[in-house]
Amino acid sequence: MVCLGNICRSPLAEGILKHKVQERNLNWEVDSAGTSGFHAGEKPDRRSIAEAKKHQIDISEQRSRQFRGWDLESYDLIYVMDNSNLRDVLSLAKNEEEKAKVILIMNELEPGSNINVPDPYYGEYGFENVYSMLDKACEAIINKY
Ligand code: 4NP
């Protein structure tokens, strides 16, 4: 799960998908990262922690890290939150196989729509909307695989 800072959207996506994976006893490895290293080592944004907590999900132990080229080798699927993240991650891909792993997360719910999960960092009120979008997309991912 990849966004820009790895403190708002992708930590929520990681927490939500891990929760669904646990509920279904699946053996999946789920992680998140940011295309930037601006917030490396930091906890998720307090507003993301609070939103997850409303849904009985604890993301407070996560720490931000920067996405690296080798993540494209290590993981089967790379879900990005918006089209800017998509460009940044694709620029690190070394071949077609790696490019094919990178997917806009909302396209799992609405294929071909190319919808962004909006960046809630600068507004107080976007987190509930982000959670709801990611919850639906993660449910679609679980059902697909
Ligand atoms: P995220 O949100 O990409 O969902 O983690 C952001 C967090 C920090 C910044 C931008 C977006 N920033 O500019 O510091």
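Counting starts at 1 for both ligands and their atoms, in listed order.
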> If you have a sec, work out which protein heavy atom is nearest atom 2 (O) of ligand 1 and how many Å separate them, to one decimal?
Asp119 OD1, 3.3 Å
> For a quick test of reading the model, state the closest non-hydrogen atom pair linking Asn6 to Gly34 and the distance between them.
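Reported closest heavy-atom pair: CB-N, 3.3 Å.
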> So with a 6.0 Å cut-off around CD of Glu97, is the heavy-atom count from everything else above 12?
no
> For the OG atom of Ser48 and the CG atom of Leu12, what is their distance to the nearest 0.5 Å?
4.0 Å
> Could you list the atoms of ligand 1 found under 4.0 angstrom from a heavy atom of Ile7?
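Ligand 1 atoms under the 4.0 Å threshold to Ile7: 5 (O), 7 (C), 8 (C).
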> Going by the closest heavy atom to atom 3 (O) of ligand 1, which one wins out of Gly5, Ser48, Pro118?
Gly5
> Does the distance from a Lys or Arg side-chain N to an Asp or Glu carboxylate O, for Arg9 and Glu51, drop under 4.0 Å?
no
> Do me a favour and list the nearest non-hydrogen protein atom to atom 1 (P) of ligand 1 with residue, atom name and distance?
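Checked against all protein heavy atoms, atom 1 (P) of ligand 1 sits closest to Cys3 SG, 3.5 Å.
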> Run the contact test for Met81 against ligand 1 with a 4.0 Å cut-off on heavy atoms, strictly below, and give the result.
no
> Consider every N or O of Leu4 and every N or O of ligand 1, then say whether any pair is closer than 3.5 Å.
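So ligand 1 has an N or O lying under 3.5 Å from an N or O of Leu4.
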> At less than 4.0 angstrom from any non-hydrogen atom of Tyr122, what atoms of ligand 1 do you find?
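Those qualifying, in numeric order: 13 (O).
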> Does the pair Asn85 and Asp88 meet the rule for a side chain to side chain donor-acceptor pair (under 3.5 Å), with working shown?
CA-CA 5 Å; Asn85 310 147; Asp88 289 341; 5.3 Å; no
> What part of Asp45 sits under 4.0 Å from ligand 1 if we count only heavy atoms: the side chain, the backbone, both or neither?
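Within the 4.0 Å criterion, Asp45 makes no contact with ligand 1.
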> Where is the nearest protein heavy atom to atom 14 (O) of ligand 1: which residue, which atom, and how far?
His39 NE2, 2.7 Å
> Whether Glu98 and Lys101 form a salt bridge (side-chain N of Lys/Arg under 4.0 Å from carboxylate O of Asp/Glu) is what I want to check.
no
> Using 30° and 60° as the class boundaries, would you call the ring planes of Trp28 and Tyr145 parallel, tilted or perpendicular?
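Trp28 vs Tyr145 ring planes: perpendicular.
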> Number the atoms of ligand 1 from 1 as they appear, then name those within less than 4.0 Å of a heavy atom of Cys8, with their elements.
1 (P), 2 (O), 4 (O), 5 (O)
